[in-house]
Amino acid sequence: MPLLDSLSPLDGGVDLLLILLSVLTSMISASMGVGGGTLLIMTMAQVMPGAALIPVHGMVQLGSNGGRALMMLRHLTWPILAAFVPGALLGALAASWMLVRLSTGVLELTIAGFVLFTLWGPGLPKRSLGRLGTAIAGAITTLLSSLVGASGPMVAAFIKQHGGSRQATVATFAACMTLQHLTKAFVFGVAGFVFHDWLWLIALMIAAGVVGTWLGLRLLGRLSEHRFDGLFRWGLTLLALRLIWLGLQRLGVIG
C-alpha cells in the first residue's frame, strides 16, 4: 500500500485503521456528546511515538470538533464560550512555558475525581459556573489538554453543569474543545514539533471525522433528552473509571 505508506511515518495499514477509527470516534462524540476523543487517543497511544501523540491527536480533534461546532452553530451557548476563551488563552500560554509529558498518576486521579463529583455529587456551586469560574475552568483544562491530552471529560462534565438541551451541550462542548485544540498548534509549534510529516494523515482523519460527525448528528436527533442524558452521564463515568485505573497503574498501586 504505497499510497497509504506515504501518509505518515506509520505503516500504511495503521494509517488506514486510524482514518476509519476517526469516523467511528467522531460519530460517538456527535451522538453521545463525549468519549470519541478519549477512545481515539487511547488507540493512537498504542501505535504512535509518544512525541507525536498529543500534537497529532490535537490537530485531528481540532478538525473534528470544529466541524461539529460549525454544523451546530445555532445551538451554541455563546456566553459560556465567551467566558471560556480568556482562560483557555492563559492556559495555553502557561503550557508553552512548561511543556512536559506528565507520567505520574496524580493528574489522572484528579480529573477522574472532578468528573465523578460533578456527575454524581451535589454539583458545583453556582458561583463556579459564572464568568470567572468558567474562565478558570478554561485555563486549567487547556493547560491539562496540552500536557496530557485528557481534559475532554472534565470540560464535558463542567459544561453539563450549566444545563441546557442535548444539542446545546454537544455544540458548546465542541466549540470549547476546538479552541483548546487550536492552542495546541501554537504550543507544540513553539516547542518545535514538526507537523509536516503527519499532515496527510491529519487531513484524511479530519475528513473522515466530518463524515462521522454527520452520521452522529443524525443519531443525536433521534435521541430523547432522557436517553442522551443517560448516555452522556454513563459515558463520562466509564471514562473517569478508566482514568482512575490508569492513574493507579502509573502510581504503581496496581500492575
Side-chain angles (χ1 to χ4, degrees), residues 1 3-5 7-8 10-48 52-72 115 145 148-157 159-160 166-167 169-178 180-181 184 198-223 227-243 245-246:
M1 293 181 288
L3 182 59
L4 288 174
D5 287 334
L7 297 180
S8 79
L10 303 176
D11 178 78
V14 175
D15 287 335
L16 179 59
L17 172 65
L18 292 178
I19 292 168
L20 295 175
L21 186 65
S22 185
V23 177
L24 175 63
T25 54
S26 292
M27 185 171 67
I28 291 172
S29 289
S31 58
M32 294 179 55
V34 71
T38 302
L39 175 59
L40 184 62
I41 199 172
M42 286 168 54
T43 306
M44 291 173 71
Q46 310 303 313
V47 297
M48 292 187 68
L53 176 62
I54 295 179
V56 172
H57 175 264
M59 294 306 96
V60 172
Q61 289 300 101
L62 169 61
S64 179
N65 283 283
R68 190 176 313 124
L70 286 174
M71 290 181 192
M72 305 188 72
V115 170
S145 180
V148 297
S151 70
M154 182 180 283
V155 177
I159 290 174
K160 182 63 176 174
R166 63 191 187 279
Q167 288 90 352
T169 298
V170 173
T172 307
F173 173 67
C176 289
M177 293 307 294
T178 298
Q180 282 199 346
H181 292 303
K184 288 182 182 180
W198 301 90
L199 282 181
W200 279 109
L201 178 61
I202 291 171
L204 289 176
M205 288 183 71
I206 289 174
V210 171
V211 175
T213 294
W214 184 85
L215 293 172
L217 291 180
R218 304 286 78 74
L219 180 58
L220 176 65
R222 299 180 181 180
L223 291 176
R227 177 66 61 85
F228 173 81
D229 188 68
L231 289 172
F232 191 88
R233 183 181 296 267
W234 283 106
L236 277 177
T237 299
L238 291 174
L239 293 176
L241 292 176
R242 178 198 168 268
L243 283 174
W245 179 270
L246 181 61

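Put simply, CG on Asn65 and OG on Ser29 are 6.5 Å apart, with the number rounded to the nearest 0.5 Å. The distance from atom CG of Leu201 to atom CG of Leu16, rounded to the nearest 0.5 Å, is 10.5 Å. Rounding to the nearest 0.5 Å gives a distance of 6.5 Å between OG1 of Thr25 and CD of Gln61. Expressed to the nearest 0.5 Å, how far CG of Leu7 lies from CD1 of Ile19 amounts to 5.5 Å. Taking OG of Ser22 as the reference point, atom CD1 of Ile202 lies at 11.0 Å (rounded to 0.5 Å).
In this structure the side chain of Leu40 reaches within 4.5 angstrom of the side chain of Met205, judged on heavy atoms. At least one side-chain heavy atom of Trp234 sits under 4.5 Å from a side-chain heavy atom of Thr237. Residues Gln167 and Met72 are in side-chain contact: their nearest non-hydrogen atoms beyond the backbone lie under 4.5 Å apart. Under the 4.5 Å side-chain criterion, counting only non-hydrogen atoms from C-beta, Met71 is in contact with Val210.
The main-chain N or O of Val60 is never found under 3.5 Å from a side-chain atom of Ser64 such that the two would form a donor-acceptor pair. Looking only at distances, no side-chain donor or acceptor of Thr213 sits under 3.5 Å from a matching main-chain atom of Ala30. Using a distance-only test at 3.5 Å, with no hydrogens or angles considered, a donor-acceptor pair links the side chain of Arg166 to the main chain of Leu220.
The side chain to side chain contact (heavy atoms under 4.5 Å, CB included) check on Val14 picks up Leu10, Asp11, Leu18, Val47, with sequence neighbours excluded.
Scanning all heavy atoms of the two residues, the minimum distance from Thr178 to Leu62 falls at O-CD1, 3.4 Å. Ile206 approaches Gly63 most closely through the heavy-atom pair CG2-CA, 3.8 Å. A pairwise comparison of heavy atoms in Ala69 and Ala174 identifies N-CB, 4.0 Å as the closest pair.
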